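Computed from a predicted model, the values in this text were never measured in an experiment. Values reported hereafter were calculated over all heavy atoms of this structure, with side chains retained and with hydrogens, waters and symmetry mates removed. Below, read A as the first sequence line, B as the second, and so on, with proteins coming before strands; counting in each chain starts at 1.
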Amino acid sequence: MLWVDKYRPKTLDKVTVHDQVAQNLRKLVSEQDCPHLLFYGPSGSGKKTLILALIKQMFGAGAEKVKLENKTWKIDTGTRTLEIELAMLSSSHHVEMNPSDAGFQDRYVVQEVIKEMAKNRPIDAKGKRAFKVLVLNEVDKLSREAQHSLRRTMEKYSSSCRLILCCNSSSKVTEAVRSRCLNVRVNAPSEDQIVQVLEFIGKKENLHLPAGFAARIAAQSNRNLRRAILFFETCKVQQYPFTSNQVVPPLDWEQYVSEIATDILTEQSPKRLYAVRQKFYELLVNCIPPESILKKLLAELLRKLDADLKHEICHWAAHYEHKMRLGSKAIFHLEAFVAKFMSVYKEFLVATFG
Amino acid sequence: MEMDMDMPDPDELEWMESHGLLPEEEEDAYFDEPDEGFVPPHGDSDQPRDSPQPQEPAAPRTNEASEGGLKRPPPPPPSEQEDEGERSKRRNVGREDEDWLRYSPPPAPEVVIAEKTISRYASEIHGDSVPVTAPNGDRVYAKLAFEGLVGQGISGTRQWTHFSIPNRGHTGLLSESFHSLTRRAEQEALAKALQESTDSIDHEACSVTPIVTEKLWVEKYAPNSFTELLSDEHTNREVLLWLKQWDSCVFGSHIRATGDEVLSALRRHSSTTQKNASNRNFFSKSKGVRVVSLDDTPLNAPSSNPEGLGGSFSRMSSVDNTPEQKVLLLCGPPGLGKTTLAHVAARHCGYHVVEINASDDRSASSIETKILDVVQMNSIMSDSKPKCLVIDEIDGALGDGKGAVEVILKMINAEKSNNSDRSTNGEETQVRKASKKSHKIAKLLRPVICICNDLYAPALRQLRQVAKVHVFVQPTISRVVNRLKYICKTEGFKTSLIALSALAEYTECDIRSCLNTLQFLNKKRVALNVTAFDSQVIGQKDKSKSILDVWKQVLQKKKVKRTAKSESHFNEDKDINSLFTLISNRGDYDVTMDGIHENFLRLSYHDPMLQKTVKCLDILGVSDSLTQYVYRTQQMPLHAYQPPIAITISRMVAQVEKPNIEWPKALQRSRALLLEKKDMLKTWQNQMSPFVSRHLSVESFVEDIASPFLHILSPLGLRPVALNLLSEREKDELAQLVDTMVSYSVTYRNKKFVPQEKANISVVQHEVSSLSLYPPINDVINFKGYQSEHIGLSLAMKQVLVHEVEKQKIIKDSSGKLLNQTNDGDIKSEALSAIRKKTVADSIGPKLHSSKDSSKHNSCMLEMQSNSTSSVNDKDSRPAKKHSIRTVNFFERFRKEKPVDAKTRSDAGQQGATILRDSRPLIFKFNEGFTNAVKRPVRVRDLLLN
């Protein structure tokens with residue numbers, strides 16, 4: 001098992017990074033009731049870990065016995081019947097699922113499947129908790145319609161069911177849904193916290209950490225705890241007695257993006273743009289989200305850019321990211337950003353160097 | 001040509017045509033515009049209509065009679081003109097009848113007249129006569145009697161009043177005086193006639209008879225003879241040649257075979273594609289001609305023929321000698337005269353044309369009988385000509401309509417199998433054969449001409465292979481213009497040559513639309529001028545071009561001739577307009593934009609600061625957002641703003657030189673691949689235990705995990721040496737690695753050797769490794785043109801890992817089973833990991849040392865392990881051998897070593913097992929899933945307790 005999974009805190013008591021949040025959650029559960037919850041924060045900050053720990057706190061060990069189900073739901077939409085296949089993890093107390101897997105049919109998932117599950121009262125012999133918990137991942141990817149149908153469900157079946165929503169950005173969750181939930185922000189761990197975690201793992205694994213090594217990994221991890229721990233393990237696997245100047249292997253796709261950035265900075269022409277396009281395709285094909293590509297590309301470009309241009313380029317990056325979210329063909333907008341950058345940069349070069 | 005001699009009397013026909021038809025037409029004209037005071041409601045108005053009638057019914061009858069006398073059982077095909085004349089005459093007669101019936105009062109007075117002066121023949125009646133048709137179809141001629149009392153000035157008097165008057169006058173037994181009666185009758189008649197004249201417009205307008213409608217110029221000036229055809233000479237000749245090749249089959253061995261000189265003349269003009277077939281034709285036809293020259297009897301039996309052999313041969317060939325390709329497929333854009341050509345050519349060759357077009361029922365069942373009727377049967381009526389089937393608009397045949405294509409294909413195929421049958425059968429009497437055949441399977445004995453617009457319609461795919469295909473090309477503009485000019489002249493419509501040629505150009509030589517336009521303009525009394533094209537008067541065809549054409553139009557600038565500035569401005573306007581219609585007619589904006597995106601960067605437009613590029617991409621982005629918005633809100637009308645986007649791009653980047661347009665594969669491919677990869681990762685995720693997979697999403701895996709994970713899977717510390725040489729720490733690492741691989745359900749699998757990988761010889765491991773990760777996670781970081789720093793494990797190491805993982809899985813399963821009995825979740829997971837740890841250590845332990853130092857913990861599992869190891873080893877010795885055979889290279893050495901290694905390992909394992917077995921008195925074998933004993937839960941621990 002990877003260290004990421006191995007040293008994942010299983011209970012709220014053991015949570016180290018967001019201990020304040022964990023404390024609050026524990027208090028919340030210790031009283032009988034619990035509101036709907038919305039966890040949001042960047043990836044690798046520990047949302048899912050917190051949720052699972054919370055569920056365990058609520059239901060005890062019983063919630064850990066989960067099984068994976070691939071269920072096909074038949075939904076009658078009036079004119080035709082849809083078949084939606086959904087994978088879900090379920091225990092006797094809770095169900096985890098990812099409704100946005102259904103793509104543009106997510107509305108039906110919310111309307112039919114979730115409603116169905118929310119309706120049924122859990123049969124709990126001990127009567128400890130009178131509700132069951134539905135964990136919905138990636139709520140921000142749900143379509144607007146689906147979110148709208150969600151809010152009625154949340155109210156109507158609140159007696160028998162609690163929803164725990166999990167997403168990266170709360171801005172894409174509609175106001176209505178947000179106001180029905182207790183919002184829990186899980187921010188990215190600070191580098192110090194990451195260092196703490198790495199040192200904790202090192203101690204458990206009986207590793208000797210040279211001074212500053214953990215800090216270096218933390219710095220490279222971009223405040224992503226999952227990444228940090230994986231980097232740490234990679235380093236350990238590659239060369240154990242750590243040396244303080246040991247190279248932390250970079251992520252491949254980020255490496256590739258920085259290659260693209262170099263390409264862009266060396267030549268600005270339609271031909272080069274065409275070459276860049278092919279590279280973008282390569283990245284997109286490998287499931288890298290276009291937003292991440294744009295972000296990383298901007299970071300790479302900014303590193304080598306004159307200070308005068310930084311502001312403008314950031315503006316354009318934001319502009320094109322916005323457009324990208326409005327449209328569906330990410331490649332158009334990525335390319336448009338690159339073209340814009342090329343144009344601005346070339347103008348700048350001509351102006352300064354003649 | 002030859003047929004002329006068969007025509008009974010062309011002059012007479014022409015005369016009949018002119019006298020029988022033309023008055024009719026005049027009348028049409030009159031009825032068309034009755035309110036113009038052209039012909040006032042007048043008593044005579046009925047007179048001219050009736051006057052030609054006495055001749056009319058008689059003429060066709062005599063004509064038929066004469067024809068019947070002339071014709072022999074296999075009918076000499078009369079000319080199309082005659083046919084046409086005859087048909088139209090019949091039509092006219094029918095029309096007359098109807099007309100008459102409509103006007104008819106109660107029939108009583110007629111009967112009275114009929115008693116007096118009625119005859120079957122007009123000639124027997126002196127003076128004027130009128131034809132009368134009884135409701136049962138009997139037609140007689142009644143004499144018209146005029147009384148002096150009936151003044152000529154009385155207008156609008158109906159015929160029947162004329163009749164009735166003399167009738168009553170003769171009897172003289174009236175209560176009223178005759179004069180008063182007549183006066184009343186006159187007044188009544190006058191009133192009636194006046195009324196009729198006023199509402200005759202309405203009456204005529206709502207009538208169904210085509211009398212009123214002016215003939216379409218398209219039909220009026222449709223070419224009647226082969227020489228009048230407007231379409232390409234070459235195509236015409238090809239079609240004619242093909243039809244002539246049927247002659248021997250259709251008209252048999254008698255008279256109507258085409259002489260070779262005709263064929264050869266035809267062939268001289270057309271390409272000699274089917275040399276073989278035509279040669280064969282040649283032979284048989286010359287035979288046929290000779291027979292004709294010998295004697296004129298149509299069916300000379302082969303026995304009676306002095307040249308029995310030759311006769312039979314000609315007969316046989318007459319059956320066989322259909323052209324190689326039985327079906328002619330004419331295709332081309334609408335309005336070029338495909339249908340006309342088919343009709344004219346078929347009639348020219350002496351066929352009766354039977355047309356099935358899209359308006360007919362074209363389901364398979366109904367069309368089969370229809371086609372069979374046409375193609376196989378000779379009409380019972382001996383005088384009819386052989387039929388030629390013309391299936392129009394066959395490409396529109398979808399769904400049910402596919403029937404036509406299927407039936408034809410079936411017939412052609414049946415023919416082919418028949419042919420092969422016959423060759424084996426040897427010689428038999430051909431006559432009986434032929435008759436039998438027609439009973440058995442449908443066989444194509446008559447020419448079939450199919451007409452389509454789109455040659456590559458999916459419905460025609462099979463037909464295209466068997467049919468002779470002719471693609472219509474646009475006739476030259478001058479040819480079209482000549483024709484148009486001629487028509488305009490005959491119609492008295494003033495035009496200029498320039499306007500006509502502009503019209504022809506505008507409609508892309510679509511003669512039909514040209515004529516319709518002209519007729520329309522003529523009707524409106526508007527002169528044709530060049531500027532009128534932009535107005536709504538002349539509709540342009542709503543024809544969508546292929547998407548490739550659209551891209552080409554967008555990305556290629558038209559060559560601008562040097563013209564005045566205002567002119568060029570006008571031209572630009574026109575360009576934009578045409579682009580707009582082009583794109584919006586195509587409609588598929590999504591693909592259109594993709595194609596532009598794919599191709600525009602490769603144009604060599606001048607753009608030093610990339611401003612054009614930025615604008616293009618910006619605007620493409622707008623298009624993308626627009627599309628997305630439209631899809632989300634379903635506001636389809638917004639799509640109207642897509643063409644301007646394309647036009648803007650076109651204005652910016654279009655170049656004069658021809659672009660090298662490519663289909664936008666990249667975007668589609670990337671989408672497909674993306675889905676594929678996502679799917680792969682999802683299925684992989686589902687294989688993992690939920691404790692791990694719940695924390696993974698596809699994005700987080702690709703973004704954060706993939707690269708470190710691959711590093712972790714291939715630790716540098718592991719030396720590719722025999723397992724027993726590993727140090728404690730290395731063993732630990734191996735155990736951990738195996739554990740990771742199992743919990744993430746990753747393993748190595750045999751992959752087919754990809755020759756492409758040979759390219760990077762620098763990394764030897766990549767080249768040779770036939771074991772690759774499964775699921776192929778490393779694909780995720782495989783970017784084109786990117787050299788990742790991942791170093792795969794050596795082959796030997798991978799193989800070791802495969803065994804270990806396999807084993808570990810078995811252990812995990814069994815331990816899971818064991819643990820299921822202890823029903824405590826919390827302990828379970830702890831214990832699970834503990835046991836797994838232990839067993840990993842154990843499983844590696846005994847093999848390395850083959851000693852008993854770990855026997856303290858040894859449970860039954862060990863036994864199972866060793867069993868499984870041996871089985872795994874057995875399994876694996878095979879592929880190992882395969883490896884050694886497969887390649888001969890540097891790694892050969894290494895590989896030879898490996899099976900040995902495996903063997904020793906398995907030996908070691910077995911030794912360990914035997915020692916263990918000896919040390920304990922108890923052996924048990926666990927067969928999962930099957931037992932025929934009585935079951936009782938027993939703990940293994942109980943069995944092992946001494």
Side-chain angles (χ1 to χ4, degrees), chain A residues 1-2 5 43-44 48 61-62 64-68 70 87 89 96 137-138 224 226-227 230-231 233-234 237-240 249 251-253 255-256 259 268 270 273-274 277-279 281-289 292 323 326-329 331-333 335-336 339-340 342-343 346-347, chain B residues 597 601-602 605 607 609-611 613-614 617-618 620-621 624-625 627-629 666-667 670 673-674 677-678 681 686 690-695 697-700 702-709 711-712 715-717 733 739-740 743-744 779-786 788-789 825-826 829 833:
Chain A
M1 219 183 263
L2 293 176
D5 297 314
S43 75
K48 211 61 189 296
E64 285 206 332
K65 281 196 286 179
V66 291
K67 58 179 192 292
L68 183 71
N70 253 327
L89 286 173
E96 290 172 49
N137 292 321
E138 298 179 15
N224 183 333
R226 172 168 36 212
R227 237 185 246 188
L230 281 164
F231 281 152
E233 192 173 356
T234 311
V237 158
Q238 288 197 326
Q239 181 188 3
Y240 166 51
L251 291 171
D252 289 282
W253 71 269
Q255 200 70 15
Y256 198 62
E259 273 180 26
Q268 295 88 32
L273 186 59
Y274 190 74
R277 175 197 289 176
Q278 305 307 326
K279 294 198 167 181
Y281 274 134
E282 281 293 316
L283 282 170
L284 288 175
V285 157
N286 286 310
C287 312
I288 314 266
S292 310
K323 290 219 148 189
L326 288 181
S328 62
K329 290 172 192 161
I331 187 81
F332 284 16
H333 307 282
E335 236 181 283
K340 189 76 202 173
M342 281 179 170
S343 176
K346 201 162 185 188
E347 213 169 309
Chain B
H597 172 249
L601 277 182
R602 272 176 296 175
Y605 53 95
D607 190 17
M609 283 305 170
L610 281 118
Q611 271 143 349
T613 317
V614 170
L617 280 165
D618 272 353
L620 278 173
D624 178 34
S625 322
T627 315
Q628 188 69 8
Y629 183 79
L667 192 59
S670 75
L673 276 177
L674 178 65
K677 285 234 163 112
K678 270 204 173 143
L681 289 173
N686 285 346
F691 295 100
V692 175
S693 69
R694 59 165 35 153
H695 293 286
S697 69
V698 171
E699 280 79 21
S700 71
V702 173
E703 267 187 84
D704 299 341
I705 301 174
S707 311
F709 186 58
H711 280 298
I712 291 164
L716 288 176
E733 273 175 13
D739 184 40
T740 307
S743 60
Y744 280 85
D779 281 1
V780 172
I781 55 137
N782 233 343
F783 306 119
K784 204 190 270 172
Y786 172 76
S788 70
E789 290 163 14
D826 216 352
S829 60
S833 59

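With sequence neighbours excluded, the residues forming a salt bridge (Lys or Arg N to Asp or Glu O under 4.0 Å) with A/Glu96 are A/Lys48, B/Arg694, listed by chain and number. In this structure, the salt bridge (Lys or Arg N to Asp or Glu O under 4.0 Å) partners of A/Arg227, at least two apart in sequence or on a different chain, are A/Glu254, B/Asp704.
Here the side chains of A/Leu284 and B/Leu673 are not in contact, with every heavy-atom distance at 4.5 Å or above. With a 4.5 Å cut-off on side-chain heavy atoms, B/Leu667 and A/Tyr281 count as touching. The shortest distance between side-chain heavy atoms of A/Val237 and B/His711 does not fall below 4.5 Å. A 4.5 Å side-chain heavy-atom check between B/Leu674 and A/Val285 finds every atom pair outside the cut-off.
When each of A/Pro289, A/Ala87, A/Gly44 is scored by its heavy-atom pairs under 4.5 Å with chain B, the top score falls to A/Pro289. Chain A forms more heavy-atom pairs under 4.5 Å with one residue of B/Asp618, B/Leu617, B/Ile705 than with any other, namely B/Leu617. Across A/Tyr274, A/Tyr256, A/Trp253, the residue that shares the most heavy-atom pairs under 4.5 angstrom with chain B is A/Tyr256. If you tally non-hydrogen atom pairs under 4.5 Å between each of A/Met342, A/Lys323, A/Glu233 and chain B, the highest count goes to A/Glu233. Taking A/Leu2, A/Asn70, A/Asn224, A/Leu273 one by one and counting their heavy-atom pairs under 4.5 Å with chain B, the maximum is reached by A/Leu2. For the options A/Asp5, A/Ile331, A/Ile288, heavy-atom pairs under 4.5 Å to chain B are most numerous at A/Asp5. Per-residue counts of heavy-atom pairs under 4.5 Å with chain B were compared for A/Arg277, A/Glu138, A/Gln278, A/Lys67; the largest is that of A/Arg277.
Side-chain contact annotation: B/Glu699 with A/Ser43, donor-acceptor N/O pair under 3.5 Å absent. A donor-acceptor contact closer than 3.5 angstrom links the side chains of A/Glu335 and B/His597. Using a 3.5 Å distance cut-off with no hydrogens or angles, the side chains of B/Ser697 and A/Asn137 do not pair a donor with an acceptor. Judged purely by distance below 3.5 Å, without hydrogens or angles, the side chains of A/Ser343 and B/Gln611 never pair a donor atom with an acceptor atom.
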Next item on the list: Decide yes or no on side chain to side chain contact (heavy atoms under 4.5 Å, CB included) for A/Lys346 and B/Leu610, but give the supporting numbers first.
Entry: CA-CA 8 Å; A/Lys346 201 162 185 188; B/Leu610 281 118; 4.2 Å; yes

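Distance alone, capped at 3.5 Å, places no donor-acceptor pair between the A/Asp252 side chain and the B/Ser707 backbone.
Considering all non-hydrogen atoms of both residues, B/Val614 and A/Ala339 come closest at CG2-O, 3.3 Å. The two residues A/Gly327 and B/Asp624 make their nearest non-hydrogen contact at CA-OD2, 3.4 Å.
More than 12 heavy atoms of other residues, nucleotides or ligands lie within 6.0 Å of NZ in B/Lys677, so this atom counts as buried by the packing criterion. Counting non-hydrogen atoms of other residues, nucleotides and ligands closer than 6.0 Å to OH of B/Tyr629 gives a total of 12 or fewer.
One finds the OG atom of B/Ser670 at 11.5 Å from the CG atom of A/Leu283 (value rounded to the nearest 0.5 Å).
Contact of B/Thr627 with chain A is not made at all, since no heavy-atom distance falls under 4.5 Å. In this structure, chain B has a heavy atom under 4.5 Å from the side chain of A/Leu89, while its backbone stays farther away. Using a 4.5 Å cut-off between heavy atoms, B/Leu681 touches chain A through its side chain atoms alone. Using a 4.5 Å cut-off between heavy atoms, B/Val698 contacts chain A through its side chain alone, with no backbone atom that close. With a 4.5 angstrom heavy-atom cutoff, B/Tyr605 touches chain A only via side-chain atoms.
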